[in-house]
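Report on the structure given below.
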Amino acid sequence: MSIKVTDISKVYGTQKALNKVSFEVSSGEIIGFLGPNGAGKSTMMKIITCFIPQTEGSVSVCGYDVVEQSIEVRKNVGYLPEHNPLYLDMYVKEYLHFIGGLHKMSNNQLAKRVPEMIDSVGLQVEQNKKIGALSKGYRQRVGLAQALIHNPNVLILDEPTTGLDPNQLAEIRELIRSVGKEKTVMLSTHIMQEVKAICDRVIIINKGEIVADETTVVLQQQNGSEIIVTVEFDKAVTTTDLNKIEGVISAQNTSGNTWKIKSADGKDIRSILFKWAVENNLSVLTMQREEQSLEDVFLKLTK
Ligand code: ADP
Ligand code: MG
């Protein structure tokens with residue numbers, strides 16, 4: 001197990017930011033840690049990376065306890081904090097040497113490792129610049145390079161794509177996916193789309209408590225038990241008629257002869273609707289099943 005979080009609570013003064021949070025991340029997984037602002041994502045990540053202590057509970061990373069064996073944990077973890085704090089006056093290479101030095105890497109090791117990192121995060125063109133002169137997307141690459149410099153097994157990325165433009169976003173996501181092939185990655189975001197694009201599994205946290213922990217596919221299925229079908233008939237029908245159809249729980253007229261029909265228990269009633277139309281001398285002009293999006297699921301779970 002790469003990360004094991006057991007009954008973690010965190011209290012800031014009088015405010016409870018985390019309440020008995022437990023989850024596990026297996027080695028090699030890419031998990032999305034999703035939740036609205038203030039849910040407790042950064043707090044959890046700071047505890048996992050030994051930046052702040054928990055109030056209660058325990059966390060181990062690669063088998064090492066974050067309180068008792070914090071040096072071992074730090075060796076195994078790469079961390080990209082929220083807002084990617086960097087020294088803007090340092091040059092890219094200088095900064096990576098500096099961070100490597102903090103990890104007690106020798107100058108010899110770093111002479112090889114820094115260029116390797118610059119290649120793997122795609123910083124070649126910008127490598128001789130000051131960090132302050134880089135665009136946000138390239139700063140994010142520097143942030144990833146510093147998190148990876150000591151070749152950790154586990155990567156903790158706190159909102160790594162916030163504030164990037166669509167091109168940068170796609171590039172950084174691709175970079176995270178490729179890093180994730182060899183490492184355990186936990187990334188926080190408040191964008192469901194991102195989880196779908198990068199992660200195998202998603203943990204949703206709301207007000208300091210976990211409200212879902214599933215693969216993205218299962219999450220969508222489990223919370224999508226209501227099926228909505230949009231159907232357009234050639235002639236007028238009534239709500240009362242539609243409600244009599246087996247499996248229909250509600251019917252709402254949206255425009256003209258178009259209806260949104262809801263069914264329960266994940267029952268796809270398209271063929272029933274079609275037969276009903278034929279029996280009643282109606283033609284079906286269009287019929288479409290609406291997918292419940294992951295955004296809907298997120299909103300439902302964190303309301
Ligand atoms: P997220 O990263 O999901 O947006 P945070 O972990 O940053 O959430 O914050 C969780 C809650 O804890 C928020 O209500 C926040 O205001 C509070 N909080 C975070 N850091 C501190 C702190 N240092 N002192 C007091 N309250 C804090
Ligand atoms: Mg945060």
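Every heavy atom of this structure was used, including side-chain atoms; hydrogens, water molecules and symmetry mates were not. Counting starts at 1 for both ligands and their atoms, following the listed order.
- Checked for salt-bridge contact, Lys275 and Glu279 miss the test: no charged N lies under 4.0 Å from a carboxylate O.
- Put simply, Thr43 stays out of reach of the Mg ion (ligand 2), with no N, O or S atom under 2.8 Å from it.
- Within 4.0 Å of ligand 1, contacts by protein heavy atoms are made from Tyr12, Gln15, Ala17, Pro36, Asn37, Gly38, Ala39, Gly40, Lys41, Ser42, Thr43.
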Report task. Would you sort out whether Arg201 and Asp213 count as a salt bridge (charged side-chain N to carboxylate O under 4.0 Å, His left out), showing the intermediate values? Result -> CA-CA 7 Å; Arg201 199 176 112 209; Asp213 181 351; 2.9 Å; yes

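- Relative orientation of the Phe33 and Phe23 rings is tilted, given thresholds of 30° and 60° on the angle between their planes.
- More than 12 heavy atoms of other residues, nucleotides or ligands lie within 6.0 Å of NZ in Lys235, so this atom counts as buried by the packing criterion.
- A salt bridge is absent between Arg141 and Glu126; no separation between the charged side-chain nitrogens and carboxylate oxygens falls under 4.0 Å.
- The backbone N or O of Arg270 sits less than 3.5 Å from a side-chain atom of Asp268, completing a donor-acceptor pair.
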